[in-house]
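Have a look at the structure below, then the notes.
Keep in mind the model is a prediction, meaning the values are calculated, not measured. Every heavy atom of this structure was used, including side-chain atoms; hydrogens, water molecules and symmetry mates were not. Labels below follow one simple rule: chain letters A, B, ... track the order of the sequence lines, proteins then strands, and each chain is numbered from 1.
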There are 2 protein chains.
Amino acid sequence: MPKPAAPEIMLRTLLRQVPYLTETDVGNFTALWQRRVGLGRGDFLIQAGQVEHNLYFVGSGLLRIYYPTQAEEICVGFGYANNLLCSFPSFVANRPSDYCIQALRRCELLALTRADFQQFVESNERFARFWRAELERVLVGRIEREIDLLLPEPERRLDRLLKRSPHIFQLVPKKYIASYLRMTPETLSRLR
Amino acid sequence: MPKPAAPEIMLRTLLRQVPYLTETDVGNFTALWQRRVGLGRGDFLIQAGQVEHNLYFVGSGLLRIYYPTQAEEICVGFGYANNLLCSFPSFVANRPSDYCIQALRRCELLALTRADFQQFVESNERFARFWRAELERVLVGRIEREIDLLLPEPERRLDRLLKRSPHIFQLVPKKYIASYLRMTPETLSRLR
DNA sequence: GCTAACTCTTGATTTCAATCAAGGTTTGCC
DNA sequence: GGCAAACCTTGATTGAAATCAAGAGTTAGC
């Protein structure tokens with residue numbers, strides 16, 4: 001296996017794929033991601049009630065985003081290597097998070113503050129366009145995910161996830177996938 | 001009851017609330033909404049398989065957005081007066097819609113083509129900011145809706161909708177609300 | 001205003017996923 | 001490498017919501 005590239009390199013490489021961002025844009029933006037965050041298994045990136053002040057880039061590791069209720073913890077998403085991650089409603093509205101984000105294994109992240117991020121978006125028209133496209137992409141993903149959750153049959157929900165994100169079955173412990181699919185680990189196990 | 005204002009007036013009035021849009025921005029934008037669409041009860045604004053070329057503004061009436069499956073029609077949202085409406089994934093990605101949008105009663109809409117819309121967003125930085133803020137707002141709404149759907153108890157799902165959107169219980173036939181809440185009309189009825 | 005279609009409610013029964021329980025396996029950590 | 005904790009699977013039972021069914025109430029359209 002190749003040694004994973006440093007997260008900064010990977011972030012820069014990914015941004016260079018965006019055709020309308022200039023090399024200067026990419027350089028200026030990646031320069032803002034100064035803070036490195038390391039997490040061990042079980043550590044929290046954010047707990048419910050805290051305000052999310054940062055956007056993160058996952059260099060390596062795996063995290064889960066969950067909504068804690070009195071009865072249970074409902075898994076609503078995962079953080080993978082080479083993806084952005086934050087408690088989004090808290091980040092954009094600057095209000096306490098309803099969600100917890102927890103490392104499921106050792107993780108390495110880069111962090112960028114909301115203030116730096118917002119200032120950059122406001123000051124760079126091309127980057128604003130990039131962010132708009134990202135928002136649209138994520139929103140479309142959420143809308144598709146809504147269908148997954150509305151299907152009454154556990155089997156159809158599983159089918160859709162298998163089609164859309166087969167890789168998570170290799171990465172993520174089944175019990176979290178079960179929660180994400182709104183079923184018990186037993187039900188998921190029996191469907192396989 | 002006051003006679004409802006013409007949809008153009010209402011659209012203009014709403015946009016004027018946005019502090020960073022100038023009067024000229026508002027005027028230029030509303031001028032693009034030329035086409036009026038009238039629908040009768042049961043008519044379709046779009047059917048699954050068609051590509052959504054328009055963004056709509058609902059002047060009056062009520063519509064449902066649903067995902068048709070072989071077994072059933074799953075309701076994923078509603079269109080109300082004074083709101084924007086479209087089959088979003090189809091509209092932004094220019095691909096066939098997975099959804100149908102149907103009038104539940106007589107409706108009056110304004111339409112704007114994707115081309116006109118995109119061109120305006122690209123050409124007006126203030127408006128691009130407005131659209132970005134809209135995307136963030138809608139995305140946060142979707143994320144909250146996801147929790148609603150993940151709650152295993154029908155009662156808790158109903159509770160959350162009652163808190164978030166009590167008005168829909170006055171506007172929308174219960175059977176569609178039941179589908180939206182992932183339960184049968186019988187279950188919804190018994191919970192009340 | 002009348003009629004027909006649609007809607008909502010209530011009751012009886014069935015079904016399927018949750019729960020409870022236990023054994024075997026894998027993973028993480030010292 | 002070995003131990004402990006976490007994880008996955010399988011089986012038996014339970015329970016809550018779906019389904020089936022019927023009747024009352026409401027709405028839309030002529």
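- A ring-centre distance under 6.0 Å is found for Phe78(A) and Tyr180(A).
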(Q) Please determine whether side chain to side chain contact (heavy atoms under 4.5 Å, CB included) holds for the pair Arg114(B) and Glu52(B), giving the CA-CA distance in whole Å, both sets of side-chain angles, and the decisive distance to 0.1 Å. (A) CA-CA 8 Å; Arg114(B) 175 182 34 242; Glu52(B) 177 65 273; 5.6 Å; no

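- By the neighbour-count criterion of 12 heavy atoms within 6.0 Å, atom CZ of Arg95(A) is densely surrounded, having more than that number from other residues, nucleotides or ligands.
- At least one donor-acceptor pair under 3.5 Å links the side chain of Ser179(A) to the backbone N or O of Cys75(A).
- The span of DNA chain C lying next to chain B, judged by atoms under 4.0 Å from heavy atoms, is bounded 5' to 3' by dC6(C) to dA12(C).
- Checked against salt bridge (charged side-chain N to carboxylate O under 4.0 Å, His left out), Asp116(A) has no partners two or more places apart in sequence or in another chain.
- Taking every heavy atom of residues 176-192 of chain A and every atom of DNA chain C, pairs under 4.0 Å involve Met183(A), Thr184(A), Glu186(A), Thr187(A), Arg190(A), by number.
- Using a 4.0 Å cutoff on non-hydrogen atoms, the parts of residues 149-175 of chain B near DNA chain C are Pro173(B), Lys174(B), Lys175(B), ordered by number.
- No donor-acceptor distance shorter than 3.5 angstrom exists from the side chain of Gln47(A) to the backbone of Cys100(A), with no hydrogens or angles considered.
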Q: Might you work through the ring pair (Phe, Tyr, Trp, His ring centres under 6.0 Å) test for Phe127(A) and Phe130(A), ending with a clear yes or no?
A: CA-CA 5 Å; Phe127(A) 196 81; Phe130(A) 166 69; 5.3 Å; yes

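- Residues Phe29(A) and Leu84(A) fall within the same hydrophobic cluster, defined by Ile, Leu, Val, Met, Phe, Trp and Tyr side chains chained together at heavy-atom separations under 4.5 Å.
- A distance-only check finds no donor-acceptor pair linking the side chain of Ser97(B) to the backbone of Gly49(B) [under 3.5 Å].
- Ring centroids of Phe117(A) and Phe120(A) are separated by 6.0 Å or more, keeping the two rings apart.
- Atom CZ of Arg164(A) is surrounded by more than 12 heavy atoms from other residues, nucleotides or ligands within 6.0 Å.
- Counting only residues at least two apart or on different chains, the salt bridge (Lys or Arg N to Asp or Glu O under 4.0 Å) pairs with a member in residues 16-38 of chain A are Glu8(A)-Arg36(A), Arg16(A)-Glu23(A), Asp25(A)-Arg126(A), Arg36(A)-Glu108(A).
- Remark: the separation of the P atoms in dC29(C) and dC8(D) is 16 Å, to the nearest Å.
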Q: Take nucleotides 25-30 of chain D nucleotide by nucleotide from the 5' end and write B, S or -, depending on whether a protein heavy atom sits under 4.0 Å from the base, only from the sugar-phosphate, or from neither.
A: ---SS-

